[in-house]
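What you see below is based on every heavy atom in this structure, not just the backbone, and it leaves out hydrogens, waters and symmetry mates. Just follow the structure's listing: the first ligand is 1, and inside any ligand the first atom is 1.
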Amino acid sequence: MTDIGVIGGAGYVGLVTSVAFAALGHKVTSMDLDIPRVRMLMSGASPVYEEGLEPILGELLTRDRITFTNDQYQAVQNSDAVFIAVGTPSLADGRADMSSVIDVAERLRDQIHKYTVIVIKSTVPFGAVNVISEILSLKLTEGVDFDVVSNPEFLREGSGLIDFFSPSRIIVGSVSERAQKVLRNIYQPLLEGTVIVDVPWIDSVQEIPYVETDVTSAQLTKYAANAFLATRISFINEIAGISEKVGGNIEDIVLGLGLDPRIGSSYLKPGIGFGGPCLDKDLRALITIAGENSYDPVMFEGVLHRNELQLREVMNKIVGALGSSLYGKRIALLGLAFKEGTNDVRHSLSIRLYRALRDQGASVVGHDFLAVQEAIELEPELEATSDLEMAIKGSDVVVVLNPEASYSEIDWRSLVSSGFSPYAIDTRGVLDVDALSASGITFYVLGSTA
Ligand code: UGA
């Protein structure tokens, strides 16, 4: 059992990390500056939607295996390892904003009093580890040793615990054998498949690849992973665009493409583009890092450019369906979060689309199963509902932005018999085209000429 502190413990990554390490049997003190969130977590409620998190959190709280606090010292004083999982948003020039990480390091300088491994979970630029080490170096003169390690996370929002307990790999970057040993001990229960609470996704027979490397390689692996995922999405969006022009069917193309084991079928779903707090931010940071090191990242710039164009193409389809003036037209956007299965609306392309439509005078109604409250907090004028029927009734155009299974079950026939016949735009290939055709609704499916 290791005493672990987590800084930034109420955000997606910090919370999943805190709960998961506690479930592995470690004693976790999780710190966040957001007091309302800390209070919520202490009462067993999660401020973010993560599948299966609340029951595990409740059990760990009852057994006193996890504590949430807004006092960083409490999370650091007895900890052998302190995980930093604070946000690093993009600055206007594409660089990652390191100010929260630096603030944490400055507080740590006054707080660590024995050998401590500082583990960076946040995706930070390469120089960051040196910056943190420099801030903490004063400790060495006081006889307190430390190591700064990179342990990137590959968790997807909404299914973070599933990804934590069945990881495709664990990567630990440090040339310090002492620090590597601490991290190996922390991950040992996961590698052995042992947990202290009921976790449905843990598989004791799985072999989890465990990669030890240097700090820079660990960090670049994380950037490379997100850049690769973003590239696949822009790639398939571009193929979808070409397919549409020449009369192909993108669903069949993805099937045929994905059957090649060298390619595989995941991350090849076309849509409005990649949103969310990670892919775009990390790609921009990687482009900036390349530029700062006199390297021309032409391919990644193209990936970002396609992503921007993709949003415009969806906008053009709406304008194409309604004519040049959107004034007073009612448009239903199905899917407000940046993807399905999350309540996160940060960097959601649906929200960007909403703003563009609103600015052109359209009356927009948004639908989401999880993110209505968050969308309204971000955009107080947005009419948002989790009632699908209410969203689509009376709309001139219905635009599907997230691939929710329930969207395939919309009863178009009864909608038409109640006197409504919206134009349907499906950017995610989920609508039931046979039902649309049978009810006489005009529709467009991205990537196909249906
Ligand atoms: C992403 C990575 O998938 C995680 O491995 C990584 O740990 C995380 O970023 C991070 O850096 O923290 P996440 O941001 O939760 O995870 O979102 P994804 O599930 O990757 O989806 C990103 C965007 O791509 C969404 O807008 C989604 O709708 C879109 N997408 C995804 C597609 O358009 N097509 C696809 O086939 C897949």
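Separating the CD1 atom in I186 from the CD atom in Q188 is a distance of 11.5 Å, to the nearest 0.5 Å.
Minimum interatomic distance between S122 and V86 (heavy atoms only, all atoms of both residues): OG-O, 2.6 Å. The heavy-atom pair separating V149 from V172 by the smallest distance is CG1-CG1, 3.7 Å. Across F338 and P277, no two heavy atoms sit closer than the pair CE2-CD, 3.8 Å.
Polar contact check, L155 against ligand 1: a nitrogen or oxygen pair lies under 3.5 Å apart. In terms of N/O distances under 3.5 Å, ligand 1 is approached by G275. Not a single N or O atom of P270, backbone or side chain, sits closer than 3.5 Å to an N or O atom of ligand 1. For ligand 1, the polar-atom distance check finds an N/O of F154 within less than 3.5 Å of one of the ligand's N/O atoms. Between Y267 and ligand 1, an N or O atom pair is found at a separation short of 3.5 Å.
Comparing A230, G158, C278 by heavy-atom distance to atom 10 (C) of ligand 1, the nearest is C278. Across the listed options E340, K339, K281, K339 owns the non-hydrogen atom lying nearest to atom 19 (O) of ligand 1.
For the pair K222 and ligand 1, a heavy-atom separation below 4.0 Å is found. Using a 4.0 angstrom heavy-atom cutoff, G271 does not count as in contact with ligand 1.
Given atom 15 (O) of ligand 1, the protein heavy atom at minimum distance is E157 N, 2.7 Å. Of the protein's non-hydrogen atoms, K269 O, 2.8 Å is the one closest to atom 34 (N) of ligand 1. Considering only non-hydrogen protein atoms, atom 2 (C) of ligand 1 sits nearest to N226 OD1, 3.6 Å. Of the protein's heavy atoms, L279 CD2, 3.9 Å lies nearest to atom 1 (C) of ligand 1. When only non-hydrogen protein atoms are considered, atom 25 (C) of ligand 1 lies nearest to F338 O, 3.6 Å.
Ring geometry for Y187 against Y210 counts as perpendicular: the plane angle is over 60°, on a 0 to 90° scale with 30° as the lower cut. The aromatic rings of H367 and Y407 lie perpendicular to each other, with more than 60° between the two planes, well past the 30° mark.
By the criterion of a heavy-atom distance under 4.0 Å, neither the backbone nor the side chain of D163 is placed next to ligand 1. For I236, no heavy-atom contact with ligand 1 is shorter than 4.0 Å. Under 4.0 Å from ligand 1, the heavy atoms of I233 that appear belong solely to its side chain. When non-hydrogen atoms are compared, ligand 1 lies under 4.0 Å from the side chain of R428 (C-beta onward) but not from its backbone.
Under the 3.5 Å distance criterion, with hydrogens and angles disregarded, no donor-acceptor pair is assigned to the side chains of K339 and N402. For the residue pair Y12 / E153, no side-chain donor-acceptor distance below 3.5 Å is found, with atom types taken as modelled.
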Side chain to side chain donor-acceptor pair (under 3.5 Å), that's the test. Do D387 and T385 meet it? Break it down for me.
CA-CA 5 Å; D387 183 329; T385 173; 5.3 Å; no

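In this structure, the side chains of L220 and L286 come closer than 4.5 Å at one or more pairs of heavy atoms.
Counting atoms of ligand 1 from 1 in the listed order, those under 4.0 Å from a heavy atom of F274 are 23 (C), 24 (O), 26 (O). Close approach to L268 involves these atoms of ligand 1, each under 4.0 Å from a residue heavy atom: 36 (O).
Put simply, the residue from I441, I392, I331 that forms a side chain to side chain contact (heavy atoms under 4.5 Å, CB included) with P422 is I441.
Ring centroids of Y444 and Y423 are separated by 6.0 Å or more, keeping the two rings apart.
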